[in-house]
Colleague: 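One structure is given below, represented as structure tokens, and several questions about it will come after.
The sequence lines fix the lettering, A, B, ..., with proteins before strands; numbering per chain opens at 1. Computed from heavy atoms alone, side chains included, the values below leave out hydrogens, waters and symmetry copies.
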Amino acid sequence: MNLFADIRSLVIDSLNAMSAEGVLPEGLEFSNVAVEPPRDPLHGDMATNAAMVLAKPAKMKPRDIAEKLSEKLAADARIETVDVAGPGFINLRLSEAVWSGLVETVLTTEGFGRSTLGAQKKVNVEYVSANPTGPMHVGHTRGAVFGDALASLLDFAGYDVTREYYINDGGAQVDVLARSVFERYREAHGLSPEIAEGLYPGDYLVPVGEALKEKYGDSLLDKPEEEWLADVRVFATDAMMAMIRDDLKMLGVEMDRFFSEKSLYNTGLIETAIKELDEKGLIYRGVLEPPKGKMPEDWEPREQTLFKSTAHGDDVDRPIQKSDGAWTYFAPDIAYHYDKVKRGYDVIIDVFGADHGGYVKRMKAAVSALSDGKVDCDIKLIQLVKLFKNGAPFKMSKRAGTFVTLRDVVEQAGKDVTRFIMLTRKNDASLDFDFDKVLEQSKDNPVFYVQYAHARICSVLRKAEAQGITLSDTPRFDDSAEIAVARKLADFPRQVEIAAKGHEPHRIAFYLYDLASDFHALWNKGNENEALRFLQDDAELSAAKIALPRAVAVVISAGLAILGVTPAEEMR
RNA sequence: GCACCUUUAGCUCAGCUGGAUAGAGCGCUGCCCUCCGAAGGCAGAGGCCAGAGGUUCGAAUCCUCUAAGGUGCACCA
């Protein structure tokens with residue numbers, strides 16, 4: 001149920017009727033007609049721009065259209081009052097029955113806010129995709145939370161969602177990992193490890209070395225690298241992925257699928273993907289121009305195999321093979337996205353760190369080329385997280401040992417707080433994360449503020465139960481503050497759709513804050529006016545008054561579920 | 001030199017894809033508990049939406065240019 005959509009349908013029906021009656025010309029385009037909450041609630045519950053949007057195509061004055069439309073709308077039982085304001089806005093005030101019906105719907109139907117917007121189209125959300133060479137750090141954390149919440153949001157909005165992780169296990173960095181682990185393996189045998197420059201020094205590899213000893217004993221010690229490298233590589237990446245999965249689990253992130261880059265090699269998938277592009281005339285041998293303005297020192301003209309990505313919106317064509325004939329890293333990426341296209345996704349979303357901004361155009365070009373423009377590819381870039389402690393910047397440095405991992409953050413702040421805070425900024429704006437502030441119990445902390453609203457409601461329900469009150473799904477309104485809360489509830493399905501369309505889960509977090517705010521305001525009004533308290537002397541009246549906060553709790557829970565946050569029943 | 005992102009109240013940020021008098025938190029000023037949780041609420045002050053043009057009934061939002069900051073710019077993954 002989406003009240004805004006319902007009223008919009010009413011507006012559209014009325015407009016069609018006007019066309020049929022000859023008041024409006026036939027064949028007008030109504031897609032721009034919107035029904036939205038007015039900026040100022042004094043104007044009413046909803047407003048439509050219909051008259052202004054149609055003035056030009058209908059060759060009529062906005063006010064004239066508005067007057068006629070108003071008459072039609074006023075005839076509907078749901079509409080209490082209609083008035084025309086400003087340049088031609090039509091403000092609607094809905095009858096109280098609509099609001100009580102809404103609350104009843106929230107309480108009695110499963111999944112209020114769910115949408116059919118996605119029409120079960122298949123969406124692939126790829127996120128995290130951290131290299132399997134170490135633990136996840138804070139930067140990964142934000143991408144993980146964002147991707148996960150986006151996936152949940154799209155699911156809620158009616159898409160068929162797959163959560164996917166791309167394991168970069170095909171490149172040289174996993175050789176480095178294997179060598180690093182081998183040194184820890186030697187260490188496990190009492191030999192002093194030689195952590196050469198360029199190897200991974202982190203002591204998280206110590207237990208991996210020990211585990212390697214468990215499995216192989218001393219049998220690898222005297223062998224040359226080429227004999228152990230492949231085995232150790234597999235062993236080490238498996239160990240790293242196990243660690244990463246544990247980290248993700250702490251955050252409440254569970255993937256549907258892990259896709260290994262390595263699996264692309266030796267299966268012919270890269271060749272097939274490139275061949276596909278070749279058949280579209282998008283592969284050629286050529287020499288790239290050097291970048292203008294800045295000449296790399298070692299630049300020399302080289303003939304390479306290139307992907308004509310400029311045909312699909314990129315700035316320059318991109319090499320897919322090195323001069324020695326080996327694939328560039330871009331080639332498996334193409335193959336991977338080719339695989340996604342072949343798996344039949346309608347929408348492909350990649351969540352990258354902002355430092356990968358340079359790859360956006362080429363990836364979109366690849367998907368566009370591989371799917372003949374049929375698959376929608378969106379790439380979300382996640383900006384940095386800046387850590388603070390007590391308001392002071394908290395420097396992160398691998399070398400100094402103050403390397404803050406996902407695990408550190410979750411252990412200190414908790415899963416729910418971490419997730420919520422990570423979603424209180426747009427993905428393309430950087431985010432300040434203050435270890436002290438996020439645990440603070442004040443309205444300055446949005447997580448607390450929302451949880452507090454939910455906890456207050458739970459408190460009321462506990463008391464109601466203790467009093468033996470039989471709950472009712474039919475609310476009773478005595479004040480505009482209650483209507484304000486109901487109005488905000490009606491906005492939930494709409495916000496879900498807006499957020500889903502824009503791939504912007506942060507909107508849900510902001511919505512919940514607003515809802516909590518309206519609820520707290522109502523609560524406090526009860527301090528001055530006893531008639532507005534939820535618990536009354538009369539049990540039947542209490543039951544009716546409690547319906548609204550119950551509905552708020554339902555929506556808060558649903559919204560938090562999208563964000564992957566567990567609602568709090570009480571604060572402590 | 002070229003791409004992409006950012007610029008909104010003193011500070012940190014929203015702003016429903018072009019709508020009415022641009023919003024919230026912090027900070028500042030003044031109020032509200034014989035109270036269902038004041039861990040809250042109400043009210044006030046605070047703005048040339050970085051700047052300049054343009055598009056139209058209407059622009060923080062779309063286009064162009066400029067300025068400041070960030071990220072990335074051939075075989076590295």
Colleague: Does the side chain of Thr328(A) get closer than 4.0 angstrom to OP1 or OP2 of rC75(B) through an N or O atom?
Modeller: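 Checking Thr328(A) against rC75(B): no side-chain N or O falls below 4.0 Å of OP1 or OP2.
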Colleague: Are Tyr513(A) and Tyr511(A) an aromatic pair, judged by ring center distance below 6.0 Å?
Modeller: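 No, they do not, as the ring centres are separated by 6.0 Å or more.
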Colleague: Classify the glycosidic conformation of rU66(B) as syn or anti, calling it syn when the angle lies within 90° of 0.
Modeller: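 With its glycosidic angle more than 90° from zero, rU66(B) counts as anti.
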Colleague: Are the side chains of Asn131(A) and Asn168(A) in contact, using a 4.5 Å heavy-atom criterion?
Modeller: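 Asn168(A) reaches Asn131(A) side chain to side chain.
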Colleague: Classify the side chain of Asn524(A) versus the base of rG40(B) as yes if they form a donor-acceptor pair under 3.5 Å and no if they do not.
Modeller: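 Looking at the base of rG40(B), it does pair with a donor or acceptor on the side chain of Asn524(A) (distance under 3.5 Å).
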Colleague: Looking only at heavy atoms, which two atoms of Ala51(A) and Gly88(A) are closest? And how far apart?
Modeller: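 Shortest heavy-atom contact: CB-O, 3.6 Å.
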Colleague: Syn or anti: how is rC49(B) classified when any glycosidic angle within 90° of 0 counts as syn?
Modeller: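 The base of rC49(B) is oriented anti (glycosidic angle more than 90° from 0).
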Colleague: Taking atom CZ of Phe146(A) and atom NZ of Lys380(A), what is their separation to the nearest 0.5 Å?
Modeller: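 The distance works out to 5.0 Å.
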Colleague: What's the CG-P distance between Asp491(A) and rG15(B), to the nearest Å?
Modeller: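 Going from CG in Asp491(A) over to P in rG15(B) covers 14 Å.
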Colleague: Can you check whether Ile244(A) reaches Ile167(A) side chain to side chain, under 4.5 Å on heavy atoms?
Modeller: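 Side chain of Ile244(A) against side chain of Ile167(A), heavy atoms only: no contact under 4.5 Å found.
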Colleague: OP1 or OP2 of rG15(B) less than 4.0 angstrom from a side-chain nitrogen or oxygen of His506(A), does that happen here?
Modeller: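 True: His506(A) side-chain N/O within range (under 4.0 Å) of rG15(B) OP1/OP2.
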Colleague: Considering only heavy atoms from C-beta outward, does the side chain of Glu465(A) approach that of Arg462(A) to under 4.5 Å?
Modeller: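 No, side chains not in contact.
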Colleague: Name every residue in residues 477-487 of chain A that has at least one heavy atom under 4.0 Å from any atom of RNA chain B, in order of residue number, or write none if there are no such residues.
Modeller: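 RNA chain B contact set from residues 477-487 of chain A: none.
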Colleague: Should Glu497(A) and Asn2(A) count as side-chain neighbours, where that means a heavy-atom distance under 4.5 Å?
Modeller: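 Answer yes - side chains close enough.
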Colleague: In whole angstroms, how far is the P atom of rG23(B) from the CG atom of Asp518(A)?
Modeller: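 After rounding, the reported distance stands at 15 Å.
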Colleague: What about Tyr359(A): does its side chain form a donor-acceptor pair under 3.5 Å with the base of rA77(B)?
Modeller: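 Flag set: donor-acceptor pair detected.
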Colleague: What is the distance from NZ of Lys525(A) to C1' of rG41(B), rounded to the nearest Å?
Modeller: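 So the two atoms are 11 Å apart, to the nearest Å.
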Colleague: Tell me the interatomic distance from Leu92(A), atom CG, to rA20(B), atom C1', rounded to whole angstroms.
Modeller: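 In whole Å, rA20(B) C1' lies 15 Å from Leu92(A) CG.
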Colleague: Respond yes when some side-chain nitrogen or oxygen of Trp523(A) is under 4.0 Å from OP1 or OP2 of rA38(B), and no when none is.
Modeller: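 Answer yes for this pair, as a side-chain N or O of Trp523(A) is under 4.0 Å from OP1 or OP2.
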Colleague: Counting only side-chain heavy atoms from C-beta out, which of rG40(B), rA77(B), rC75(B) sits nearest to Phe448(A)?
Modeller: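 Given the options rG40(B), rA77(B), rC75(B), the side chain of Phe448(A) is closest to rG40(B).
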Colleague: Out of rC75(B), rU17(B), rA3(B), which nucleotide sits closest to the side chain of Lys361(A)?
Modeller: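 Of all the options, the side chain of Lys361(A) is nearest to rA3(B).
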Colleague: Could you tell me whether the phosphate oxygens of rG37(B), OP1 or OP2, come under 4.0 Å of any side-chain nitrogen or oxygen in Arg462(A)?
Modeller: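 For Arg462(A), the contact criterion (side-chain N or O under 4.0 Å from OP1 or OP2 of rG37(B)) is not met.
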Colleague: Less than 6.0 angstrom separating the ring centers of Tyr166(A) and Tyr336(A), yes or no?
Modeller: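 Between Tyr336(A) and Tyr166(A), which both carry aromatic rings, the centre distance is below 6.0 Å.
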Colleague: Specify the separation, in whole Å, of atom OH of Tyr449(A) and atom P of rG37(B).
Modeller: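 The answer, rounded to whole Å, is 17 Å.
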Colleague: Any stacking of His43(A) on rA20(B), going by centres under 5.5 angstrom and planes within less than 30 degrees?
Modeller: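 Taking the rule of under 5.5 Å and under 30°, the ring of His43(A) does stack on rA20(B).
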Colleague: Consider the side chain of Lys322(A), meaning its heavy atoms from C-beta on, and name the nucleotide among rG37(B), rC75(B), rA20(B) that approaches it most closely.
Modeller: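 Among rG37(B), rC75(B), rA20(B), the one nearest the side chain of Lys322(A) is rC75(B).
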Colleague: Picking from rA24(B), rG41(B), rA38(B), which would you name as closest to the side chain of Arg456(A)?
Modeller: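 Nucleotide nearest to Arg456(A)'s side chain: rA38(B).
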Colleague: Assess Arg318(A) against Phe330(A): is NZ or CZ under 6.0 Å from the centre of the six-membered ring, and within 45 degrees of the ring's axis?
Modeller: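 Ring-cation test returns no.
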Colleague: I want to verify a distance call: between rC57(B), rG40(B), rU71(B), whose nearest atom is closest to the Tyr452(A) side chain?
Modeller: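 So the nucleotide nearest the side chain must be rG40(B).
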Colleague: Evaluate the side-chain proximity of Ile349(A) to Asp376(A): yes if any heavy-atom separation is below 4.5 Å, no if none is.
Modeller: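 Asp376(A) does not reach Ile349(A) side chain to side chain.
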Colleague: Need to verify one output field. Residue with the more 5' nearest nucleotide on RNA chain B, Asp355(A) or Ala455(A)?
Modeller: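 First, find each residue's nearest nucleotide; the 5'-ward one identifies Ala455(A).
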Colleague: Do you know the tightest heavy-atom contact between Ile283(A) and Phe307(A)?
Modeller: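 That would be CD1-CA, 4.2 Å.
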Colleague: Taking only Watson-Crick and G-U wobble pairs with both distances under 3.5 Å, what dot-bracket line describes RNA chain B, where [ ] shows pairs that cross earlier ones and | shows pairs with another strand?
Modeller: (((((((..((((.....[...)))).(((((.......))))).....(((((..]....))))))))))))....
Colleague: Output one line per pair: protein atom, nucleotide atom from nucleotides 8-12 of chain B, and distance, for all N/O pairs under 3.5 Å.
Modeller:
residue, atom, partner, partner atom, Å
rU12(B), O2', Arg425(A), NH1, 3.3

Colleague: Grab the NZ-P distance between Lys364(A) and rA3(B) for me, whole Å please.
Modeller: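 Result: 17 Å.
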Colleague: Taking for each residue the nucleotide of RNA chain B bearing the nearest heavy atom, is the 5' side occupied by Glu569(A) or by Ala429(A)?
Modeller: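 First, find each residue's nearest nucleotide; the 5'-ward one identifies Ala429(A).
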Colleague: Check this for me: does the side-chain of Asp40(A) come within 3.5 Å of the base of rA22(B) through a donor and an acceptor?
Modeller: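 No, the side chain and the base share no sub-3.5 Å donor-acceptor pair.
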Colleague: Can you tell me how far CG of Asp83(A) sits from CD of Glu67(A), rounded to the nearest 0.5 angstrom?
Modeller: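 It comes to 10.0 Å.
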Colleague: Nearest whole angstrom, please: distance from the P of rA24(B) to the CG of Leu512(A).
Modeller: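 Nearest whole value for this atom pair: 19 Å.
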Colleague: Send over the distance from Asp428(A) CG to rU7(B) C1', rounded to a whole Å.
Modeller: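 One finds 12 Å between C1' of rU7(B) and CG of Asp428(A), rounded.
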Colleague: If we check side-chain contact (heavy atoms from CB on, under 4.5 Å) with Trp327(A), which of these qualifies: Leu264(A), Asp333(A), Ile270(A)?
Modeller: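 Single side-chain contact (heavy atoms from CB on, under 4.5 Å) partner of Trp327(A) among Leu264(A), Asp333(A), Ile270(A): Ile270(A).
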Colleague: Choose from rC76(B), rC42(B), rC16(B) the nucleotide whose nearest atom is closest to any side-chain atom of Ala521(A).
Modeller: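 It is rC42(B).
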Colleague: Between rC75(B), rA3(B), rC26(B), which nucleotide gets closest to the side-chain atoms of Lys443(A)?
Modeller: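 So the nucleotide nearest the side chain must be rC26(B).
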Colleague: Respond yes when some side-chain nitrogen or oxygen of Tyr511(A) is under 4.0 Å from OP1 or OP2 of rA24(B), and no when none is.
Modeller: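 It does not, given that no N or O in the side chain of Tyr511(A) lies less than 4.0 Å from OP1 or OP2 of rA24(B).
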Colleague: Out of rC26(B), rG40(B), rC32(B), which has the shortest distance to the side chain of Asp444(A)?
Modeller: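 The answer is rC26(B).
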Colleague: Closest to the Arg39(A) side chain: rG37(B), rA14(B), rG23(B)?
Modeller: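 Nearest nucleotide to the side chain: rG23(B).
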Colleague: The side chain of His520(A) lies closest to which of these nucleotides: rG41(B), rA38(B), rU6(B)?
Modeller: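 Of rG41(B), rA38(B), rU6(B), rG41(B) is nearest to the side chain of His520(A).
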Colleague: Quick one: CG on Leu431(A) to CD on Gln383(A), what's the gap to the nearest 0.5 Å?
Modeller: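 So the CG of Leu431(A) and the CD of Gln383(A) are separated by 10.5 Å.
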